[in-house]
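What follows is one structure encoded as structure tokens, with my remarks underneath.
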Amino acid sequence: MRLRFAPSPTGALHIGGARTALFNWLLARHSGGQLVLRIEDTDKERSTKENVEQILEALRWLELDWDEGPIFQSERAPRHEQVLEALLDAGHAYRSSATADDVKVYKQRHGADCGFRGEQEKEGAVRLRVPDEGATVVHDVIRGDTRFEHVHLDDPVIARADGSVLYNFAVAIDDLDAGITHVVRGEDHLSNTPKQLLVLGAARALGLGEGAQEPVYAHLPLLHGPDGKKLSKRHGAASVQELRDAGYLAEAVRNYIALLGWGAGDDATVLSTEELIKRFTLERVSRNPARFDETKLRWLNGLYIRTMNASELTARVQAYLALTDARAAQLAGADPALTQRAVEISQEKIATLAEFWPLAGFVFGERLLKPAAAERWLGVEGIEALRGVRAALAELAEFDQVAIASTLEGLVEQRAVKPREIYQPLRVALTGTTISPGIFESVALLGPEETLRRIDAALNHCAPAADTGVES
RNA sequence: GCCGCCAUCGUCUAGGGGACUAGGACGCCGCCCUCUCACGGCGGUAACACGGGUUCGAAUCCCGUUGGCGGUACCA
């Protein structure tokens, strides 16, 4: 099997493109074949170096590698020109100055469902001659046969007046030259396929690609946003880079994206990349368009985070912080052992890498006292509870999680209050918020000095207000 | 407009004429667990777009309608 992923560098790699890349990659690895990366940059306006680099970066992040390329379509211009001339000489194509408006007029005269046929001229764009009779049938592994009657097809423009070739021509020749056996791409290309097949047929008539089989086509269902509309920035993370920046794991993204338009068939939802490679087949690809909905990705991502070992997760968190928050990265990087312990106590509470710092930043001195939290838990009773906590913790000989737990639990029992009446004031004093990792492990991680220091700070800060309170 | 693709819970999907009282996963709701938030456990909610056929029998096959999407560029 020889496959290709052929993005056009018009910007960041979108989810749809990423899925196309993944399916091609999965197929190549499943079959032991090769994956060719080709950059379709025949539109010089949009094809910038930066855009190409964005795509390569996205593929690298997704950990999808390729065996050949990247081949730049633009660099194959001499070859394209050569084939184009041959097609022109043999009469399979002709020059025509007809514009889009001319085509419109032609259709008004001959009927809307009648394909445009031009006259041969000296100058102008190059059009391929489509036979008047017959039809081109696209054999698609996913969709079955689709028949395109030649009478409905316009003679497609395959090269501009300046001789530079257009997409449908370049694709057909490049696939032929690269010996591509399977073309797997988005469904938006289904209507292009007969044009490419016709180019292929004309090239064959010239004796090109001797013995080569027509490629097997597979058109994947399109991906839409949660509202069923075309995927765009409106829908949150729509590109691979945005997914990475939102704190998703590449393996979770691969797993989730594989499930968009494909299923293992036995209700399996969580599939490692190895399993994906083992089980992926085109025959099981769905025909229905799918919507990209982040909620399930979040769930999967959390699951991958929870099952990862702590040191690996720590490395991922560090890399993520380095990418998104230089200050946090520096604080977390200063003490790797501390960071790993912070990761351990946060692991089951975060669904994305982005959630680590807001939850565990307090460990590194990052504290934002939320007024609402203080108001709710550091009132008269909270301060009173906090004094009790301080006294109890100050006496602790062994400042470990077990000792801390039994001390605080003892306090709860002794005061006959709900646990949260003790724990929440303490949590707010230590972290500034009402949400944090487990309180015992948080206290243990902070250590005695820092814990007491923060409690004292909270007492000093809130006590004056408490003093004015009336006895209740 | 024309050409084409598609149509099962809110979402991703299983389903290939009788095993469908339509299965799973996410989400949502409830209960349990519980120091917050989560995790976990248990239970629940929820779909065959519509109309005609074919057949003893249709979510499954055919036709039509409707809806969504794609193509219709000297874009890719």
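Please read these numbers as outputs of a predicted model, since none were measured by experiment. Within every chain, numbering begins at 1; the chains are lettered A, B, ... in the order of the sequence lines, protein sequences first and strands thereafter.
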Nearest to side-chain heavy atoms of [X], which nucleotide of [options]:
X	options	value
A:R127	B:C37, B:C74, B:C69	B:C74
A:L222	B:C5, B:C26, B:C69	B:C69
A:D267	B:G23, B:C12, B:C6	B:G23
A:E187	B:C5, B:C35, B:U13	B:C5
A:W299	B:G27, B:C6, B:U36	B:G27

For [N], take OP1 and OP2 only and decide whether either is under 4.0 Å from a side-chain N or O of [X].
X	N	answer
A:N192	B:G71	no
A:N288	B:U13	no
A:R284	B:G15	yes
A:R287	B:A7	yes
A:S191	B:C3	no
A:R291	B:G10	no

Distance check, [atom1] atoms only: [N] and [M], in whole angstrom units.
N	M	atom1	value
B:U36	B:C42	C1'	23 Å
B:C6	B:G44	P	36 Å
B:A25	B:G15	C1'	16 Å
B:U60	B:G52	P	14 Å
B:A22	B:A46	P	11 Å
B:G57	B:A19	C1'	14 Å
B:C12	B:C69	P	14 Å
B:G16	B:G23	P	14 Å

Any side-chain heavy-atom pair from [X] and [Y] closer than 4.5 angstrom?
X	Y	answer
A:R185	A:Y217	yes
A:W66	A:F5	no
A:E421	A:W377	yes

Passing option when A:Y167 is tested against A:H189, A:K195, A:Q73 for side chain to side chain donor-acceptor pair (under 3.5 Å): A:H189
Looking at every strand, decide which applies to [X] at a 4.0 Å heavy-atom threshold: base, sugar-phosphate, or nothing.
X	value
A:I439	base
A:T10	nothing
A:E40	sugar-phosphate
A:A290	sugar-phosphate
A:H189	base
A:F440	base
A:G115	nothing
A:R306	sugar-phosphate
A:P437	base
A:A112	sugar-phosphate
A:T295	sugar-phosphate
A:R427	base
A:D154	sugar-phosphate
A:T42	sugar-phosphate

Polar side chain donor-acceptor pair, A:T352 to A:N301, under 3.5 angstrom: no
Side chains of A:Y106 and A:D154, donor plus acceptor under 3.5 Å: no
Criterion salt bridge (charged side-chain N to carboxylate O under 4.0 Å, His left out) on A:E355 and A:R298, from CA distance to verdict: CA-CA 11 Å; A:E355 287 164 29; A:R298 271 186 66 79; 2.9 Å; yes
Given RNA chain B, 5'-ward residue of the pair A:G124 and A:C114, judged by closest heavy atom: A:C114
For [N], the Watson-Crick or wobble partner whose two distances fall under 3.5 Å:
N	answer
B:C26	B:G10
B:U34	none
B:A19	none
B:C5	B:G68
B:U60	none
B:C74	none

is_close_aromatic(A:F440, A:Y423), centroid dist under 6.0 Å: yes
Pair A:W357 and A:Y320, ring centroids less than 6.0 Å apart: no
Chi-angle category of B:G68 [syn within 90° of 0, anti beyond]: anti
Distance-only donor-acceptor test (3.5 Å): side chain A:K104, base B:U72: no
